[in-house]
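Structure, as structure tokens:
Everything quoted here is computed from the prediction, not taken from an experiment.
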Amino acid sequence: MKHKFLKMAAISCMGIVALTSCGGKEEAANPFLTAYNTPYEIPPFEQIKPEHYLPALKAGIEQQNAQIDSIVNNPETPTFENTVLAYEESGEILTKVEMVFFALTESDSSDELVKVAEEFEPLVSQHNDEISMNAKLFERFKYLYDRVDSLGLDTAQKRAVKSYYKNFTRNGALLSDADKEKLKKLNTELTTLYQQFNKNLLNATNEFQLVVDKKEDLAGLPQSNIDVAAEDAEKAGLKGKWLFTLHAPSRLPLLQYAENRDLRQKMYEGYTSLASSGQYDNAPVINKILKVRAEKAKLLGFENFGSYMTDNVMAGSIENAENLLMKIWKPAIAKVKEEVAEMQAIVDAEGGNFKIAPWDYYYYAEKVRQKKYNLEESKVREYFPLDSVRKGIFTMAQKLYGITFTEMPDAPKYNPEVVVYDVKDAQGNHLAVFMTDYFPRASKRQGAWMSEFKGSYTDRDGKSSRPIIYNVGNFSKPVGDTPSLLTLDEVETTFHEFGHALHGMLSKVALRSQAGTNVDRDFVELPSQIHEHWALVPELLKVYAHHYKTGEVIPDEMVEKLTAAANHNQGFATTELVGAALLDLQYGKLNPTEDIDIAAFEKKVAQDLNMPAEIQFRYRSPYFKHIFGSDGYASGYYTYLWAEVLDCDCFELFQEKGVFDPETAKSFKENILEKGDSEDPMTLFVRFRGHQPDADALLRNRGLIK
């Protein structure tokens with residue numbers, strides 16, 4: 001997610017016309033330093049070169065400094081317009097270069113970008129610190145904060161003033177000059193450590209190869225996965241063999257279908273030891289991160305880093321987050337015992353002389369699924385080619401919110417695999433640009449995410465600027481004549497990330513800082529997770545789930561089986577997720593002054609939780625990018641489950657009224673998706689749902705209680 005505070009930067013020295021006075025003739029050709037002459041201001045990716053980033057960044061920093069000076073030296077009494085709005089309006093050049101740079105370092109990186117990042121990211125961190133600790137700027141915001149109820153501001157404006165004030169104080173505005181310098185050094189150090197963590201993780205992921213020499217060792221794997229492995233092997237100079245990697249579309253099918261137990265174990269252990277030893281070992285990096293975070297929290301007056309990170313979100317404290325997680329944990333591990341017993345029964349019936357181990361879980365869970373529901377996921381995938389799933393998310397958006405998507409084949413794109421769409425509202429007006437980038441490659445990190453190249457806002461003249469939103473994934477790629485066929489998990493992920501995209505595209509607030517996904521971290525997953533529910537709605541399945549060869553609509557019998565099996569393996573899925581969230585919170589409680597044994601710490605947390613031996617944390621620490629690759633979800637991985645309480649409770653209203661009920665969809669759009677951070681998130685939730693969140697809604701949805 002984006003940094004909510006100080007993410008805007010200055011427009012120019014005193015406007016875009018003064019480009020040569022900022023950087024000279026040489027920089028005039030820099031695409032970041034001129035207006036984008038493209039449809040809807042899409043970045044002109046084909047013109048952007050690695051050498052453009054640092055000059056544009058430095059020009060933007062210089063410009064912002066001038067802009068901030070004009071705000072703090074304004075002799076007029078601070079007002080919302082000449083302080084908050086003036087600050088919000090700054091930022092065109094720096095915002096443009098940052099959005100493109102950080103997008104491409106995640107999704108289409110290169111050696112050149114990695115090198116640029118070594119200078120780029122510390123400069124951004126240092127510049128943000130200079131602003132957040134600018135005493136004169138803070139005084140103007142404080143003036144407004146002290147009088148916020150007497151200035152005639154509306155709800156969104158009051159919230160903005162309070163939010164900015166709190167973020168200033170959380171970023172060191174009240175510290176002494178000496179302590180401000182300490183905080184700047186800590187922030188710069190963290191930025192460098194996050195860079196190293198992410199670099200190690202990407203390199204370790206790309207380094208791992210599991211090569212299979214004998215075809216018989218591939219027994220059980222779907223032919224489509226075998227074909228992809230053969231194609232990857234040939235690209236790697238291993239023609240006649242099969243190559244498997246740690247990317248999910250390669251790793252998960254092997255764990256789920258490969259009959260060869262040794263092969264499953266090698267893949268599982270390769271994944272769970274990722275970035276855990278050798279030149280890409282992240283344990284030393286994690287130890288440094290933990291110590292710097294603890295020092296930062298102490299400097300800012302917090303007991304520990306977890307308290308600092310939960311202070312300004314819905315949960316409010318580590319304890320509140322833990323209390324929610326433990327309500328889910330106990331029924332989840334009880335369900336695991338039932339699942340393991342079912343799997344062990346199959347092992348024993350087949351004459352297997354072993355106990356279920358972690359690398360057996362996916363494989364035997366699939367066998368249980370086939371036995372109980374006569375449902376084989378490899379057959380189900382044939383009804384979910386990527387293009388059909390994309391039709392599904394677009395149809396859902398049209399039926400719920402009246403929006404349409406038209407491909408823009410000639411639009412700029414940062415990689416040939418990107419697809420760009422013009423999004424229009426129910427009246428046919430331009431609403432947003434939407435981009436998809438769904439397949440894995442060595443230049444892209446693992447996972448799936450949403451972000452933007454341009455945010456939305458309304459200017460002083462009432463003109464609305466519309467956003468450019470993108471979704472990135474790492475889904476099963478096409479091979480030969482066979483299109484990309486998605487697993488059920490990948491289908492749900494597509495709907496999930498599209499939910500984030502809808503939050504960005506439908507935003508209808510005035511302020512940039514409150515638009516779209518710029519909301520509390522434990523509220524931001526509500527729009528994404530609620531839209532997952534529509535993936536298996538029978539009415540929608542009939543529209544988009546068609547067999548990739550025959551075009552046959554998914555049969556009623558298969559839909560019934562999918563519905564019956566919806567909560568299959570939820571003990572496992574819930575336990576590994578809650579376990580990771582609890583591990584994250586335990587890290588947040590630490591105040592280490594010396595290195596800790598990362599593996600031993602994980603083991604102790606698992607023992608204290610009585611974690612089932614057959615399950616690991618969803619992410620082991622050395623590749624837990626959510627919490628160690630940035631501050632983004634540090635002491636906040638629980639937010640997926642916090643938000644799941646909200647989304648399950650909200651979807652129960654849709655189930656009661658009708659999953660495509662126009663009035664319910666209108667209310668969700670107006671009260672949640674359009675509002676961004678313009679009002680308190682709990683107020684918005686209650687306005688839509690009619691009551692406080694019901695935690696049991698999550699347990700009901702996962703089949704953990706009746």
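The backbone N or O of Y308 lies less than 3.5 Å from a partner atom in the side chain of R170, making a donor-acceptor pair. The backbone N or O of N167 sits less than 3.5 Å from a side-chain atom of N171, completing a donor-acceptor pair. Proximity of a side-chain donor or acceptor of R689 to a complementary backbone N or O of D649 within less than 3.5 Å is detected. Side-chain N or O atoms of N518 include one that pairs as donor or acceptor with a backbone N or O of A515 at under 3.5 Å.
Remark: F523 engages no residue in a ring pair (Phe, Tyr, Trp, His ring centres under 6.0 Å) (not counting sequence neighbours). With sequence neighbours left out, the salt bridge (charged side-chain N to carboxylate O under 4.0 Å, His left out) criterion links D680 to no other residue.
Taking the six-membered ring for Trp and thresholds of 30 and 60 degrees, F168 and Y164 have ring planes inclined between 30 and 60 degrees apart.
Ion pairing between a basic and an acidic side chain is recognised when a charged N comes within 4.0 Å of a carboxylate O; D129 and K180 show no such pairing. A salt bridge is defined here as a Lys NZ or Arg NE, NH1 or NH2 lying under 4.0 Å from an Asp or Glu carboxylate O, and E338 with K335 meets this definition. In this structure, D631 pairs ionically with R293, as a charged nitrogen and a carboxylate oxygen lie closer than 4.0 Å. A salt bridge links K166 with D311: at least one charged nitrogen is closer than 4.0 Å to a carboxylate oxygen.
Screening K604, E602, E322 against Q586 for a side chain to side chain donor-acceptor pair (under 3.5 Å) leaves a single residue, E322.
Around NZ of K142, the count of heavy atoms belonging to other residues, nucleotides or ligands within 6.0 Å does not exceed 12.
Between F624 and F617, a ring centre-to-centre spacing not shorter than 6.0 Å is recorded.
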Please determine whether ring-ring contact (aromatic ring centres under 6.0 Å, His included) holds for the pair Y401 and F668, giving the CA-CA distance in whole Å, both sets of side-chain angles, and the decisive distance to 0.1 Å.
CA-CA 9 Å; Y401 312 120; F668 189 78; 7.0 Å; no
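In this structure, P693 and W642 have side chains that are not in contact, with every pair of non-hydrogen atoms separated by 4.5 Å or more.
We find the CD-OG1 distance between E492 and T487 to be 9.0 Å, quoted to the nearest 0.5 Å.
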